Number of protein chains: 2
Amino acid sequence: MKVVGSKQLKEISVRIFSQAGASIEEADLVSESLVEANLLGVDSHGVLRIPEYVRRIKDGAIKLGAQCTIIKETLTTALVDGGFGFGQVAAKKATSIAIDKAKSNNVSVVGLIRSNHIGRLGEYTSMIAEHGMIGISFCNTAPQGGIVAPFGGATRRLGTHPFSAAFPSNSFPFLLDYATSVIAEGKLRQKYYAKEKIPEGWIVDKNGKPSVNPADFYEGKGALLPFGGYKGYGLSLVVDALGGILTGAHFVSHNEFIGGNNPLIIAINISAFRPLEDFKAEVDEYFKVLKATPPAEGFKEVMIPGEIENRTKEKRIEEGIPINDEVWSRIEKTANDLGLDLKTLL
Amino acid sequence: MKVVGSKQLKEISVRIFSQAGASIEEADLVSESLVEANLLGVDSHGVLRIPEYVRRIKDGAIKLGAQCTIIKETLTTALVDGGFGFGQVAAKKATSIAIDKAKSNNVSVVGLIRSNHIGRLGEYTSMIAEHGMIGISFCNTAPQGGIVAPFGGATRRLGTHPFSAAFPSNSFPFLLDYATSVIAEGKLRQKYYAKEKIPEGWIVDKNGKPSVNPADFYEGKGALLPFGGYKGYGLSLVVDALGGILTGAHFVSHNEFIGGNNPLIIAINISAFRPLEDFKAEVDEYFKVLKATPPAEGFKEVMIPGEIENRTKEKRIEEGIPINDEVWSRIEKTANDLGLDLKTLL
């Protein structure tokens with residue numbers, strides 16, 4: 001296990017992406033996004049992704065310098081083409097458009113298509129919350145054909161299809177951000193890299209039988225399962241339809257699914273309903289009432305979405321970001337292949 | 001078990017509500033809503049509710065003839081006061097406002113407060129889907145103090161907080177409509193009336209221990225559990241915040257929670273993104289791809305949200321609506337108390 005300070009980790013990330021040909025703006029924005037994920041403890045969306053992104057730059061899948069364009073627009077809606085540049089660059093742009101439109105018209109819905117991996121979906125709903133609004137997002141995403149089985153189904157059809165919602169308080173922002181699969185694919189990958197077993201109920205093997213071995217997913221052709229039975233499955237379909245069908249990106253098991261991450265972003269201006277300060281004060285009260293719930297057997301305390309991430313961030317700013325050896329050696333190899341020596345950067 | 005035709009059942013319902021003092025318009029709209037729930041197989045939201053509604057009319061909790069008023073409004077948003085009339089009347093009105101605003105401005109968000117039980121939340125998202133739009137709704141609801149425990153918590157804090165989403169296709173409308181608790185309170189009540197045991201994982205007793213006896217909930221002071229662990233719990237909080245905090249109805253365990261059903265309704269005009277016919281055609285294709293998934297062990301087929309309801313409706317239109325004896329005798333008693341003899345209506 002290696003521990004690296006967030007500033008240093010960002011610097012390393014910026015150097016690698018710059019060396020791979022990214023502009024300073026791109027390298028900075030993407031590195032900021034990855035390191036922020038690590039700070040929040042969402043390591044599956046952190047610097048673990050560097051080798052994958054660099055490979056995709058080389059493959060031409062991530063098109064450096066791509067410009068976002070608006071394909072279709074009304075006062076309250078927009079459909080944005082990310083040009084298959086860095087997903088983080090496109091998603092920030094799409095979110096800014098959603099915020100601007102909701103500032104003028106109180107509600108907005110913005111779709112983003114032709115975008116690479118955008119990182120944490122919660123980064124964008126949080127951006128909206130920082131502007132005194134409610135952010136909701138549904139993001140369809142998967143390798144073509146999907147990697148998640150429908151409830152009651154034996155084979156891959158759906159994506160991990162994350163859902164996120166965020167709103168402001170005076171303490172920390174409420175932030176829900178999760179895959180509608182039992183677990184995010186990135187978290188399964190971490191277990192696979194670490195050669196660890198996984199709990200039952202995460203995946204089925206290629207024959208639709210339960211498995212605790214991540215290799216049955218990556219080396220076989222197994223499928224992740226939706227969370228919460230038919231209810232989580234239903235939410236997953238909503239994500240596929242809003243992120244994919246509505247935007248024209250297509251559902252992920254469609255023959256012509258365009259790939260990448262396709263979020264639909266909703267922004268609602270709180271002050272159209274009640275004064276922002278009243279809303280935030282009541283959210284503070286809500287947090288207090290929830291935290292005061294006596295814990296159930298086996299639990300220490302009731303947690304609020306975003307709370308663990310907030311605590312982890314405080315700790316990691318102080319103590320640095322732990323990175324497991326497998327991930328670090330992959331990052332090191334990526335740097336070496338680009339002619340960079342990480343040791344001179346540490 | 002009694003079997004009653006839908007037209008007859010509606011007529012009975014209309015007569016009871018009229019006798020209880022409702023206008024013909026109110027009685028007709030509410031009865032239509034309840035019988036439609038029965039037709040779709042959602043018996044927990046069907047005529048089972050008649051005795052409760054009549055009791056609430058007598059108590060003055062349902063204010064007959066109440067008018068809906070708009071408290072706050074912009075081009076894309078509205079906050080509607082239902083005046084504590086019939087919830088179905090107010091929710092239809094609020095949904096019509098959402099549809100009209102989304103027709104003019106492509107997106108709308110409408111909150112409804114001071115409303116009694118609105119029936120199936122999916123009735124309103126379906127109404128939006130019938131207008132070629134995507135309907136999404138979050139409805140905070142609970143007796144004051146809540147009836148659902150937070151994930152990791154031992155006592156009541158949240159409501160059953162339903163979530164619904166609907167969109168059109170050329171076959172049947174996609175319709176997601178579920179409680180963010182493991183089960184809707186109405187379904188627990190059916191088991192309680194039928195004196196049946198419930199599966200483990202639905203409720204905990206007043207000491208936070210798992211129970212399979214619905215009486216531990218109704219006679220003790222147990223709590224329902226959220227579906228899908230922390231993920232369903234997170235969605236439940238979003239419902240509480242959007243339906244309750246944003247609208248000023250307050251979260252359900254707030255001291256001043258106004259009670260009733262408080263839905264936030266979102267309408268998104270599909271044609272702002274792509275032609276409606278293209279969207280519907282792709283949803284048809286989506287349904288086909290999902291239905292073609294080989295079933296997992298123990299399943300006959302993969303189902304689509306709304307599909308079972310659609311099949312049940314076809315069957316019940318043909319064969320009539322089965323009503324269990326306990327429910328029927330409660331309806332009969334309600335009618336008798338109002339001086340009506342159900343036998344003359346059958």
Side-chain angles (χ1 to χ4, degrees), chain A residues 72 74-77 79 105-109 111 134 149-155 157 165 167 174 176 178 204 208 227-229 231-232 234-235 237-238 241-242 245-248 250-251 253-254 266 268 270 272-274 279 282-283 285-286 289-290 293-297 299 301-303 305, chain B residues 72 74-77 79 105-109 111 134 149-155 157 165 167 174 176 178 204 208 227-229 231-232 234-235 237-238 241-242 245-248 250-251 253-254 266 268 270 272-274 279 282-283 285-286 289-290 293-297 299 301-303 305:
Chain A
K72 204 169 155 112
T74 72
L75 285 174
T76 54
T77 64
L79 184 58
N105 296 290
N106 292 308
V107 192
S108 68
V109 181
I134 289 163
F151 177 72
T155 58
R157 281 291 186 279
F167 47 83
F174 176 98
L176 199 70
Y178 56 65
V204 288
F227 90 96
K231 292 190 176 183
L235 183 56
L237 299 183
V238 171
L242 295 186
I245 302 178
L246 182 64
T247 63
H250 303 304
F251 58 89
S253 51
H254 189 287
I266 301 176
I268 303 169
I270 290 166
F273 289 88
R274 64 186 296 198
F279 177 88
E282 189 168 333
V283 173
E285 231 182 308
Y286 193 39
V289 167
L290 290 169
T293 316
E297 227 173 63
F299 289 86
E301 59 183 321
V302 165
M303 301 300 292
Chain B
K72 204 169 156 109
T74 73
L75 285 175
T76 55
T77 64
L79 184 58
N105 298 290
N106 292 307
V107 192
S108 68
V109 181
I134 289 163
F151 177 72
T155 57
R157 281 289 186 281
F167 47 83
F174 176 97
L176 199 70
Y178 56 67
V204 288
F227 90 96
K231 292 191 177 184
L235 183 56
L237 299 184
V238 171
L242 295 187
I245 303 178
L246 181 64
T247 62
H250 303 305
F251 57 90
S253 52
H254 189 286
I266 302 176
I268 303 169
I270 290 167
F273 289 89
R274 65 186 296 199
F279 177 88
E282 189 169 334
V283 173
E285 231 182 309
Y286 193 39
V289 167
L290 289 169
T293 316
E297 226 172 64
F299 288 86
E301 59 184 320
V302 166
M303 301 300 291

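Keep in mind the model is a prediction, meaning the values are calculated, not measured. First the proteins, then the strands, lettered A, B, ... as listed; each starts at 1.
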- Query: What option among A/Leu79, A/Leu75, A/Val107 has the most heavy-atom pairs under 4.5 Å with chain B?
  - Reply: A/Val107
- Note on the structure: Rounding to 0.5 Å, atoms CZ (B/Phe167) and CD1 (A/Ile245) come to a distance of 6.0 Å
- Message: Looking at every non-hydrogen atom in both residues, tell me the closest pair between A/Ala154 and B/Pro295 and how far apart they are.
- Response: CB-O, 3.7 Å
- Item | Residue from B/Leu242, B/Val109, B/Val238 passing side chain to side chain contact (heavy atoms under 4.5 Å, CB included) with A/Ile134 | B/Leu242
- Of all residues at least two apart in sequence or in a different chain, which pass the side-chain hydrogen bond (donor to acceptor under 3.5 Å, both in side chains) check with B/Glu301? B/Lys291, B/Arg311
- Task: State which residues pass salt bridge (Lys or Arg N to Asp or Glu O under 4.0 Å) with A/Glu282; sequence neighbours excluded, sorted by chain then number.
- Result: A/Arg274
- Query: If you take all heavy atoms of B/Phe273 and A/Lys72, which pair is closest and at what distance?
  - Reply: O-CD, 3.4 Å
- Note on the structure: Assert top hit (heavy-atom pairs under 4.5 Å, partner chain B, pool A/Thr247, A/Leu237, A/Leu290) equals A/Leu237
- Note on the structure: Tightest non-hydrogen contact, residues B/Gly153 and A/Thr293, listed as CA-CG2, 4.0 Å
- Task: Measure the spacing between CG of B/Asn105 and OG1 of A/Thr76 and express it to the nearest 0.5 Å.
- Result: 6.5 Å
- What part of B/Ile268 is in contact with chain A, defined as an atom under 4.5 angstrom from a non-hydrogen atom: side chain, backbone, both or neither? side chain
- Assert top hit (heavy-atom pairs under 4.5 Å, partner chain B, pool A/Gly228, A/Gly208, A/Gly229) equals A/Gly228
- Item | Heavy-atom closest pair, residues B/Thr74 and A/Ala272 | CG2-CB, 4.4 Å
- Item | Which portion of B/Lys231 sits near chain A, non-hydrogen atoms under 4.5 angstrom | both
